[in-house]
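Below is one structure, written out as structure tokens; the observations come after it.
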Amino acid sequence: MRVAKNLVIQKFGGSSLATPERIKQVASRVVREKRKGSDVIVVVSAMGDTTDRLFQLAKVVSPNPPRRELDMLLTAGERISMSLLSMAISELGYEAISFTGSQSGIVTDTAHTRARIIDVRAFRVQDELNKGKIVIVAGFQGVSPNKEVTTLGRGGSDTTCVALAAAFNAARCEIFTDVGGVYTADPRLVPKAKKLEAISYDEMLELAFCGAGVLHWRSVDIARRFKVDVHVQSSFSKEPGTVVTAKENIERAEIRGITQDLNVASIEARGLDDPMRASEEILGKLEALGIPAKLIIVSSEEGRVLIVLPEEHFDEVASEMDSLGISNLRVDTEVATISVVGNGLCARPRIAKEVLASLSRSGLKPLAISTSGISLTVLTKRDRVVNAIRNLHSDLGLDSPS
Ligand code: ASP
Ligand code: MG
């Protein structure tokens with residue numbers, strides 16, 4: 001793909017586009033960028049909570065809707081915002097054109113509701129940029145090689161944005177959110193969370209995978225592989241945000257931040273004769289369904305298998321598990337994970353000790369604990385998690401002074 005000179009790619013999330021007024025504000029922001037002489041591609045999410053509402057609508061009609069039809073339905077959300085934004089930009093006297101994921105050449109595999117991008121053939125986007133137009137792209141959606149419309153999983157418009165930035169070798173990739181950056185914890189839940197100036201790809205990937213909603217984890221994976229600096233900033237103010245980058249000069253910290261994931265569910269069996277085989281079978285099913293396992297614990301001695309997965313895919317997994325014939329399979333949709341992420345974690349058992357002590361003071365009982373080189377994750381019951389992460393943030397010395 002030819003590199004478009006001075007190309008800036010901006011992504012606006014659902015809350016930035018929630019009302020016609022906000023869409024007009026976004027239009028002004030986009031036009032400001034265009035006036036600087038940049039070529040501009042804008043990636044949009046659906047307005048406000050449109051995707052949630054469409055999802056609920058589907059559930060009223062069918063408890064377990066065909067995934068192809070779900071994709072047809074959910075992609076409608078981004079078509080509304082992309083066309084309205086294009087109209088708002090035209091109103092300001094600038095030429096704009098909106099494209100669906102398919103028209104933009106976002107080619108994915110065939111896994112409906114959680115497709116992966118396999119190629120970007122953005123020729124039409126390039127042609128329109130060459131004509132001087134602002135191009136609006138519907139995020140979160142693509143087209144499979146057999147011409148079916150697909151979606152990339154909830155939060156996937158970040159991934160559309162970073163994939164386009166990588167394909168075009170864009171000069172700048174900007175993600176506008178309502179929170180205005182990456183924080184040491186979700187600032188909506190932990191008021192004393194601090195905004196980070198910069199964060200490494202590895203730490204951001206871990207935070208996103210462990211539930212930090214600010215960026216879709218697959219977008220961080222693409223950013224890391226193609227070395228795209230991702231600027232996360234506020235759509236409502238001019239304050240500097242956070243850059244996700246490979247640069248070495250990031251201030252080193254033992255703990256970069258904490259996050260929770262309330263949208264997980266667990267499946268567990270105990271007393272199995274052959275837990276290794278059971279886990280292989282379960283993981284085989286998950287692989288076939290394209291669903292990630294967030295945490296895996298297998299203990300031969302206890303005959304125990306515990307696997308944590310995203311709750312949104314839980315119904316599908318549960319119905320598949322029946323066919324495995326594993327006895328005593330217990331499912332729990334009232335669980336959550338709390339994760340602490342930082343480069344210094346593996347070298348410091350003290351941190352794990354402090355985390356466990358703090359959670360226990362908050363009255364939480366760990367159901368499982370796992371660590372990677374740069375993270376520690378605790379599985380627990382869902383109630384009291386928000387209070388526990390506030391306490392944990394303070395106990396780990398992350399609270400901002402004010
Ligand atoms: N509208 C989609 C969602 O709510 C995609 C996105 O916002 O990134 O998940
Ligand atoms: Mg998002």
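Values in this document were obtained by computation on a predicted structure and should not be read as measured data. Ligands are counted one by one from 1 in listed order, and the atoms in each one are counted from 1 as well. Just so it is clear, the values below take in all heavy atoms, side chains as well, and ignore hydrogens, waters and symmetry mates.
- The side chain to side chain donor-acceptor pair (under 3.5 Å) test with Glu206 is passed by exactly one of Ser339, Ser200, Ser375: Ser375.
- When every heavy atom of Lys192 is checked against every heavy atom of His393, the shortest pair comes out as O-CE1, 3.5 Å.
- Only side-chain heavy atoms of Glu78 come within less than 4.0 Å of ligand 1; its backbone N, CA, C and O stay farther off.
- Remark: ligand 1 atoms within the under-4.0 Å shell around heavy atoms of Thr51 are 1 (N), 2 (C), 3 (C), 4 (O).
- Figure legend: Lys194 and Tyr183 shown without cation-pi pairing, the cationic atom not lying both under 6.0 angstrom from the six-membered ring centre and within 45 degrees of its axis.
- Looking only at heavy atoms of the protein, atom 3 (C) of ligand 1 is closest to Arg154 NE, 3.3 Å.
- The shortest contact between atom 8 (O) of ligand 1 and any protein heavy atom is with Ser157 OG, 2.5 Å.
- A heavy-atom separation below 4.0 Å is found between Ala46 and ligand 1.
- Close N/O approach between Gly155 and ligand 1 is found [any backbone or side-chain N/O within under 3.5 Å].
- Ligand 1 lies less than 4.0 angstrom from a heavy atom belonging to Gly156.
- Between the side chain of Gln10 and the backbone N or O of Glu174 there is no donor-acceptor pair closer than 3.5 Å.
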Worksheet entry | Worked verdict on Glu311 versus Arg382 for salt bridge (charged side-chain N to carboxylate O under 4.0 Å, His left out) | CA-CA 13 Å; Glu311 195 179 24; Arg382 205 172 281 180; 3.6 Å; yes

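- Checked options Ile9, Val135, Val30; the residue passing with Val42 is Val30 (criterion: side-chain contact (heavy atoms from CB on, under 4.5 Å)).
- Short contacts between ligand 1 and Ser45, defined as distances under 4.0 Å to a heavy atom of the residue, involve ligand atoms 6 (C), 7 (O), 8 (O).
- More than 12 heavy atoms of other shown residues, nucleotides or ligands fall within 6.0 angstrom of atom CZ in Arg304.
- Remark: ligand 1 and Lys11 share no N or O pair separated by less than 3.5 Å (distance only, no angle test).
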